[in-house]
Undergrad: 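Structure in structure tokens, see below.
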Amino acid sequence: MGSSRPGTLPSNLQGIWNAHITPPWECDYHLNINLQMNYWPAEVTNLAECHEPVFDLLDRLRSNGKRTARILYGADGFVAHHATNLWADTSPVSDVVSATVWPMGGAWLALHAWEHYLYGQDAVFLHERAYPVMKGAALFLLDYMMENKQGEWVTSPSLSPENRNRLPNGNSGTPWVRAWILKLAELYLKLVCMQVNNGKARQAFEDGF
């Protein structure tokens with residue numbers, strides 16, 4: 001609670017009171033599960049205000065990630081890779097290939113914005129912060145996917161930064177990437193429909209769609 005208050009930085013990998021002068025992994029933010037795990041209890045324990053630094057970081061990631069998506073992938077929207085820092089770096093980092101080539105950090109964190117809305121029902125937050133983040137993540141994934149020879153839309157490469165697996169036929173992939181894409185697409189469409197059906201907010205959302 002004390003390491004994540006409104007107006008401060010999110011809780012980092014080792015915690016702000018760790019005993020190291022040079023903490024492991026630069027005491028940064030790992031977006032491949034560590035930062036998410038820190039905040040899973042926030043909404044369910046009625047500590048939503050502790051979640052706010054994550055959304056501040058997300059706003060910066062979205063801004064920086066637009067340039068990274070355009071330069072590295074030729075894609076719309078925004079991207080964040082497996083780790084970032086207080087400057088909201090969105091470029092691939094690490095000398096571990098299975099962690100570096102993983103552009104799903106922004107998409108996963110975008111789901112936290114939706115969860116925050118579900119618990120608090122804050123329409124201003126939904127429009128001004130959750131919607132732009134979810135839209136940016138969805139637009140990137142649309143450009144990131146590619147059609148294979150069977151006419152299926154897949155991600156390439158598709159891997160887990162913390163796990164390695166190979167199917168009996170020799171193919172490898174990660175179902176959780178597909179799950180995120182489907183979930184984000186579902187929630188984004190739901191969000192658009194919610195706002196378009198709301199007469200007061202309809203024009204504002206059509207202007208930003």
Side-chain angles (χ1 to χ4, degrees), residues 2-18 20-43 49-116 125 129-141 143-144 155 157-163 174 176-177 180-181 183-184:
S3 65
S4 184
R5 307 300 296 170
T8 66
L9 294 168
S11 177
N12 60 46
L13 200 59
Q14 273 73 40
I16 60 177
W17 294 288
N18 73 79
H20 303 282
I21 295 176
T22 305
W25 296 286
E26 301 178 352
C27 208
D28 60 9
Y29 304 104
H30 276 38
L31 308 183
N32 57 358
I33 197 170
N34 301 95
L35 183 62
Q36 289 86 344
M37 288 176 67
N38 282 352
Y39 288 91
W40 284 343
E43 304 295 335
E49 68 275 12
C50 292
H51 220 164
E52 290 183 19
V54 173
F55 307 127
D56 294 337
L57 177 63
L58 252 178
D59 288 341
R60 300 197 303 276
L61 289 172
R62 183 169 65 91
S63 178
N64 295 341
K66 290 179 181 179
R67 183 172 183 271
T68 304
R70 184 177 68 254
I71 293 175
L72 292 187
Y73 299 95
D76 200 355
F78 87 99
V79 63
H81 290 82
H82 94 286
T84 189
N85 51 32
L86 59 89
W87 296 280
D89 185 9
T90 55
S91 301
V93 296
S94 176
D95 56 356
V96 180
V97 175
S98 62
T100 303
V101 189
W102 187 81
M104 302 299 296
W108 195 352
L109 276 183
L111 300 180
H112 278 244
W114 175 258
E115 182 181 25
H116 183 73
F125 175 87
R129 306 194 74 179
Y131 175 75
V133 165
M134 294 176 70
K135 176 183 178 180
L139 289 176
F140 170 76
L141 291 175
D143 285 343
Y144 179 64
T155 58
S158 179
L159 49 81
S160 164
E162 298 287 353
N163 190 27
T174 52
W176 67 336
V177 172
W180 283 331
I181 293 172
K183 189 64 176 178
L184 186 59

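Since the model is a prediction, treat every value here as computed from it, not as a measurement.
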Undergrad: Rounded at 0.5 Å granularity, tell me how far CD in Glu52 sits from CZ in Arg5.
TA: 9.0 Å

Undergrad: Scan the side chains in residues 9-18 for donor-acceptor partners under 3.5 Å anywhere in the protein, sequence neighbours excluded, and list what turns up.
TA:
residue: Ser11; atom: OG; partner: Ser3; partner atom: OG; Å: 3.4
residue: Asn12; atom: OD1; partner: Gln14; partner atom: N; Å: 3.3
residue: Asn12; atom: OD1; partner: Gly15; partner atom: N; Å: 2.6
residue: Asn18; atom: OD1; partner: His20; partner atom: N; Å: 2.9
residue: Asn18; atom: ND2; partner: Gly15; partner atom: O; Å: 2.7

Undergrad: Please identify each residue that fulfils side chain to side chain donor-acceptor pair (under 3.5 Å) with His112, with sequence neighbours left out.
TA: His51

Undergrad: What pairs with Asp76 under side chain to side chain donor-acceptor pair (under 3.5 Å), at least two apart in sequence or on another chain?
TA: none

Undergrad: List the atom of Asp56, the atom of Gly7, and the distance in Å for their closest heavy-atom pair.
TA: OD2-N, 4.4 Å

Undergrad: Looking at CD of Glu115 and OH of Tyr39, how far apart are the two atoms once the value is rounded to the nearest 0.5 Å?
TA: 13.0 Å

Undergrad: Which heavy atom of Thr100 sits nearest a heavy atom of Ser94, and at what distance?
TA: OG1-O, 2.9 Å

Undergrad: If the condition is salt bridge (Lys or Arg N to Asp or Glu O under 4.0 Å), which residues does Asp143 pass it with, not counting sequence neighbours?
TA: none

Undergrad: Of all heavy-atom pairs between Phe140 and Val79, which one has the smallest distance, and what is that distance?
TA: CZ-CG2, 3.6 Å

Undergrad: Side chains of His81 and Leu31, heavy atoms from C-beta outward: is any pair under 4.5 Å?
TA: no

Undergrad: Assign the ring pair Trp108 / Trp102 to parallel, tilted or perpendicular, where the plane angle (0 to 90°) is split at 30° and 60°.
TA: perpendicular

Undergrad: List the residues meeting side-chain contact (heavy atoms from CB on, under 4.5 Å) with Ala110, not counting sequence neighbours, and say none if there are none.
TA: Val133, Met134, Ala137, Leu184

Undergrad: Does any pair with a residue in residues 60-71 pass side chain to side chain donor-acceptor pair (under 3.5 Å), and if so which ones, sequence neighbours excluded?
TA: Thr68-Thr90

Undergrad: With the side chain counted from C-beta on, respond yes when Asp89 and Tyr29 share a heavy-atom pair under 4.5 Å apart, and no when they do not.
TA: no

Undergrad: With rounding to the nearest 0.5 angstrom, report the CG to CD1 distance, Leu141 to Ile181.
TA: 5.0 Å

Undergrad: If every non-hydrogen atom of Ile21 is compared with every non-hydrogen atom of Pro23, which pair is closest and at what distance?
TA: O-CD, 3.5 Å

Undergrad: Asp28 and Ala83: which non-hydrogen atoms are nearest, and at how many Å?
TA: OD2-CB, 4.0 Å

